Amino acid sequence: MTKLTKLSRSVKDKVALITGSGSGMGRATAYVFAEAGAKVIASDINEEQIDEVASDINSSNGSCLKQVLDVTNKKNISEVISNVIKEFGQLDMIVNNAGISIPTTIDDENYEDSWDKTFDVLLKGQVTLIRAALPFIRESDCGRIVNISSTEGIGATPRISPYTSAKHGVIGLTRSLAAELGSEGITVNCICPGPINTAMTAAIPAEDKKIYARRRVPLKRYGEPEEVAHMTLSLCLPAASFVNGAVLTVDGGLSIKRA
């Protein structure tokens, strides 16, 4: 059949740095990108976990470079970017996925510590990585930045206000940089996952998850990490070249349900 379209849906040989890729959504994202032909940098603070990710990808004929990365450490970020360029000679895409959640109430005596730690990872960490990677993303013909927020970024839940505030900040950062970098052909987009089966939700009893999903989620279930990962990949495709500043929920319909 004669090709009828002009835009590519392939990320083959593009270089993608994914933070927090030792587990959950980050790991799934690394696998999805690798299977799509991208050269993946699996980065996480947990070296044992990224050892597993890199081994899985490389033994399946993919290409993965593991990097121990603490997104709150500016020097560490610079070292990782340098290692990526030495290994691959380019950097096309970053996925800001690393995350933590510290439950706390506003009158907790350790509230400010929780606030600082949360913002350092969820918001400042994203900014620092973007700034370090940007010179190389500017050289790409497919510059993509995807920031992971949360449905907490468009709503709120009691007793996690540092997390909720930081995730709102991620959306603001995304929109601002989309406006700033769009003229250079770099797209900046944001994904807001809802209830997903990850380490952050693992402590919730299965029955409680079922009750919550039946009550709040039109699809009546929690999502899986790979379902978020595929949306992330979609935003990084060359064919997604006119998607910029988008805030996309991957939540089974949770954010639109009113009753």
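Note that the structure is a prediction, hence the values are computed from the model and not measured.
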Query raised in the report: Going from NZ on K117 to CD on E112, what distance comes out if it is rounded to the nearest 0.5 angstrom?
Result: 13.0 Å
Query raised in the report: For atom CD of E207, is the number of surrounding heavy atoms from other residues, nucleotides or ligands below 6.0 Å larger than 12?
Result: yes
**Report entry** Stepwise side-chain hydrogen bond (donor to acceptor under 3.5 Å, both in side chains) test for T157 and E152
**Finding:** CA-CA 7 Å; T157 300; E152 284 299 312; 2.4 Å; yes
Requested in this report: Measure the spacing between OG of S114 and CD1 of I106 and express it to the nearest 0.5 Å.
Outcome: 10.5 Å
Query - Members sharing Y222's hydrophobic cluster (side chains within less than 4.5 Å) - result: I204, Y212, V217, L219, L254
Query - Close side-chain approach of L123 to V170, heavy-atom, < 4.5 Å - result: yes
Query raised in the report: Are I100 and Y111 co-members of a hydrophobic cluster defined by side-chain heavy atoms under 4.5 Å apart?
Result: yes
**Report entry** Under 3.5 Å: donor-acceptor pair, side chain of T201, backbone of I196
**Finding:** yes
Query raised in the report: Taking atom OG of S241 and atom CD1 of I186, what is their separation to the nearest 0.5 Å?
Result: 13.5 Å
Query raised in the report: Okay, side chain of D251, backbone of P193: is any donor-acceptor separation there less than 3.5 Å?
Result: no
Query - Beyond-backbone contact of V80 with L129, side-chain heavy atoms, under 4.5 angstrom - result: no
Requested in this report: List in chain and number order the residues that pass ring-ring contact (aromatic ring centres under 6.0 Å, His included) with Y31, two or more places apart in sequence or in another chain; answer none if no residue qualifies.
Outcome: none
Query - Under 3.5 Å: donor-acceptor pair, side chain of D70, backbone of N76 - result: no
Requested in this report: State, yes or no, whether a side-chain contact exists between E226 and V32 at a heavy-atom distance under 4.5 Å.
Outcome: yes
Report task. Just say parallel, tilted or perpendicular for the rings of W115 and F119, cut-offs at 30° and 60°. Result -> parallel
**Report entry** For N197, the option from R221, E227, E224 that meets side chain to side chain donor-acceptor pair (under 3.5 Å)
**Finding:** E224
Requested in this report: List the steps, then state whether side-chain contact (heavy atoms from CB on, under 4.5 Å) holds for L181 with R138.
Outcome: CA-CA 9 Å; L181 300 176; R138 282 188 164 119; 4.0 Å; yes
Query raised in the report: Quick check: does any side chain N or O of T232 sit under 3.5 Å from a backbone N or O of V228, one acting as donor and the other as acceptor?
Result: yes
Query raised in the report: So, the side chain of N46 versus the backbone of Q49: is there a donor-acceptor pair under 3.5 Å, distance only?
Result: yes
Query raised in the report: Considering residues, nucleotides and ligands other than K210, do more than 12 of their heavy atoms fall under 6.0 Å from its NZ?
Result: no
Query raised in the report: Taking everything shown except E184 itself, do over 12 heavy atoms lie less than 6.0 Å from its CD?
Result: yes
Query raised in the report: Is K66 paired with D51 through a side-chain N to carboxylate O contact shorter than 4.0 Å?
Result: yes
Requested in this report: Starting at CG of N83, measure out to CD of Q67 and round the result to the nearest 0.5 Å.
Outcome: 4.5 Å
Requested in this report: Drop me the distance from I148's CD1 to N97's CG, to the nearest 0.5 angstrom.
Outcome: 5.5 Å
**Report entry** Sidechain-backbone polar pair: D44 side chain, G22 backbone, donor-acceptor under 3.5 Å
**Finding:** yes
Query - Donor-acceptor contact present, side-chain T72 to main-chain D120, <3.5 Å - result: no
Query raised in the report: Just wondering, do T128 and V71 contact through their side chains at under 4.5 Å, heavy atoms?
Result: no
Query raised in the report: Are side-chain heavy atoms of I85 and Q90 found at a separation under 4.5 Å?
Result: no
Query raised in the report: So, are K14 and D141 salt-bridged, with charged N and O less than 4.0 Å apart?
Result: yes
Query raised in the report: More than 12 non-hydrogen atoms from neighbouring residues, nucleotides or ligands closer than 6.0 Å to NZ on K74, yes or no?
Result: no
**Report entry** Backbone of T104 reached by a side-chain donor or acceptor of D108 within 3.5 Å
**Finding:** no
Report task. Test side-chain hydrogen bond (donor to acceptor under 3.5 Å, both in side chains) on N244 and T187 and set out the steps. Result -> CA-CA 5 Å; N244 189 36; T187 68; 5.1 Å; no
Query raised in the report: Going from CD1 on I145 to OG1 on T174, what distance comes out if it is rounded to the nearest 0.5 angstrom?
Result: 9.0 Å
**Report entry** N/O donor-acceptor pair under 3.5 Å between S59 side chain and D56 backbone
**Finding:** yes
Query raised in the report: What do you reckon, is NZ of K6 surrounded by more than 12 foreign heavy atoms closer than 6.0 Å?
Result: no
Query raised in the report: Would you find a donor on one side and an acceptor on the other, under 3.5 Å apart, between the side chain of K220 and the backbone of R214?
Result: yes
Query raised in the report: Under a 4.5 Å cut-off applied to non-hydrogen side-chain atoms, are S21 and R27 in contact?
Result: no
